[in-house]
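Quick note: numbers below take in every heavy atom, side chains included, and nothing from hydrogens, waters or symmetry partners. All residue numbers in this chain count up from 1 along the given sequence. Whatever order the structure lists ligands and atoms in, that order sets their numbers, starting from 1.
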Amino acid sequence: MKVPLLDLKLQYQSIKNEIEPAMLKVAESQMLILGEEVAQLEKNIASYCQTEFVVAVSSGTDALLMALMAIDLKPGDKVIIPTYSFFATAGVVARLGAIPVFVDSEPITFNIDTIRIREKINSKTKAIIPVHLYGQCANMDELLKTSNEYKIPIIEDCAQAIGAQYKDGKYAGSFGLMGCFSFYPTKNLGAFGEGGIITTNSKELSEKLKQMRNHGMNPKYYHKFIGGNFRLDALQAAVLNVKFPHLENWHQARRDNAILYSKLFIEAGLSEEEGKTSFDINNKVLLPKPVYQNSGQKNYHIYNQFIIRVQERDKLRDFLSKNEIGTEIYYPVPFHRQECFAYLKNNDKDFPIANGLAETTIALPIFPELTKEQIKYVVEKFKEFFS
Ligand SMILES: *Cc1c(COP(=O)(O)O)cnc(C)c1O
């Protein structure tokens, strides 16, 4: 049985009859950049994420870059980020000449270890970027406490977390000064190309960001500050507006898949329960847990990725691949081990959890259209591998 990591064609087939007319409408209008479709997308996302303002932009990476430009981040300033995330989180900081300050991860949620943040703060620290990794919110209570105490803004990296909710039902992107989202095709809400969006409750910031996405121009050909071309295409917005009403169902399907995986791994004797953090004879597979750090309360996890941990990961991955099961490693190299950040002279020993994650995590297929039979087949193959 073939089980790809992701099959976008299945989703397209299921909504083709809605998407094609929407794309044709844009083609007929020849209003190709920003415009009505983009404005509608902004309305949809603002009401969904429960923030007052949103600004649609060219990608998730650009959303993060713009957020840092909007707070006037300067060369030499510092920004605290997790060492274990997708590269964009760190890249945007360094591209502005600022210094990314890496923090280790927390072993159950894989998110930034909020206990380790305070010791890294000094007068140069201008922002904290928590990443809601794989679709589960970081420890926002602690982050907000730290943010308020030190008067350092939080910019949320929500690229993998559109619609994720933190314990009591508050949405990713509604906590910090700004929330940055991606519509890259592999995210839960994916465009037919690149796209992103920034959420904020600040009117002033939203106006600055709208100007920034168009070279800082206002009025036409007058520039008070330097922005860039960070505009979103109307075609992308049209596709996203058609997909938007389906999003909650897709989240639910991913969540159901995650529940089934956990149930089957536990029944197979490969794991005792979700959220274990060390390997032993009864826990060959460490399962993710949709839980608020250091408490029993649940998060609404949207499972952009379903990440488990195993020893002998690379051998297992080969075995799964031979059995036509697609997997991926997110992420094999944390930032403090990246060649491009060697100049920061971080000490590898300061990041034991992230290092462990990099060596043991593996992503299994979780996309909404996956069948129960495919999930059963994946767990069967795990049993075979470990027997
Ligand atoms: C995808 C992703 C981004 C970047 O989004 P793009 O739209 O691909 O530029 C940033 N941060 C994280 C955590 C991501 O997963």
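When only non-hydrogen protein atoms are considered, atom 12 (C) of ligand 1 lies nearest to A159 CB, 3.4 Å. Closest protein heavy atom to atom 14 (C) of ligand 1: K187 NZ, 3.1 Å. Of all protein heavy atoms, the one closest to atom 7 (O) of ligand 1 is S182 OG, 2.6 Å.
Looking only at side-chain heavy atoms (C-beta outward), Y300 and H251 come within less than 4.5 Å of each other.
In this pair, Y261 and F265 present their aromatic rings parallel. The plane angle is below 30°, not in the 30 to 60° band. Note on ring orientation: taking the six-membered ring where Trp is involved, the planes of Y331 and Y84 are perpendicular (angle over 60°, cut-offs 30° and 60°). Aromatic ring orientation, F244 versus Y48: perpendicular (interplanar angle above 60°, classes split at 30° and 60°).
Residue V131 has at least one heavy-atom neighbour below 4.0 Å for each of these atoms of ligand 1: 13 (C). Close approach of ligand 1 to Q160 (heavy-atom distance below 4.0 Å) involves ligand atoms 13 (C), 14 (C), 15 (O). Distances below 4.0 Å separate heavy atoms of G60 from the following atoms of ligand 1: 5 (O), 6 (P), 7 (O), 9 (O). Those atoms of ligand 1 that come under 4.0 Å of a heavy atom in A88, given as number and element, are 4 (C), 10 (C).
Residue contacts with ligand 1, taken as heavy atom pairs separated by less than 4.0 Å, involve S85 solely via side-chain atoms from C-beta onward. The parts of T61 lying near ligand 1 are both backbone and side chain, judged by heavy-atom distances below 4.0 Å.
A donor-acceptor pair under 3.5 Å links the side-chain atoms of Q136 to the main chain of V291, judged by distance alone.
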What donor-acceptor contacts under 3.5 angstrom involve side-chain atoms of residues 277-289, with partners at least two apart or in another chain?
unit_1 : atom_1 : unit_2 : atom_2 : d
D280   : OD1    : N282   : N      : 2.8
D280   : OD1    : N283   : N      : 3.0
D280   : OD1    : N283   : ND2    : 3.2
D280   : OD2    : N283   : ND2    : 3.4
N283   : OD1    : E272   : N      : 2.9
N283   : ND2    : E272   : OE1    : 2.9
K284   : NZ     : I281   : O      : 3.4

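If you look at F367 and F306, their ring centroids are not closer than 6.0 Å.
With distances taken over non-hydrogen atoms, the option nearest atom 11 (N) of ligand 1 out of I197, D157, D62 is D157.
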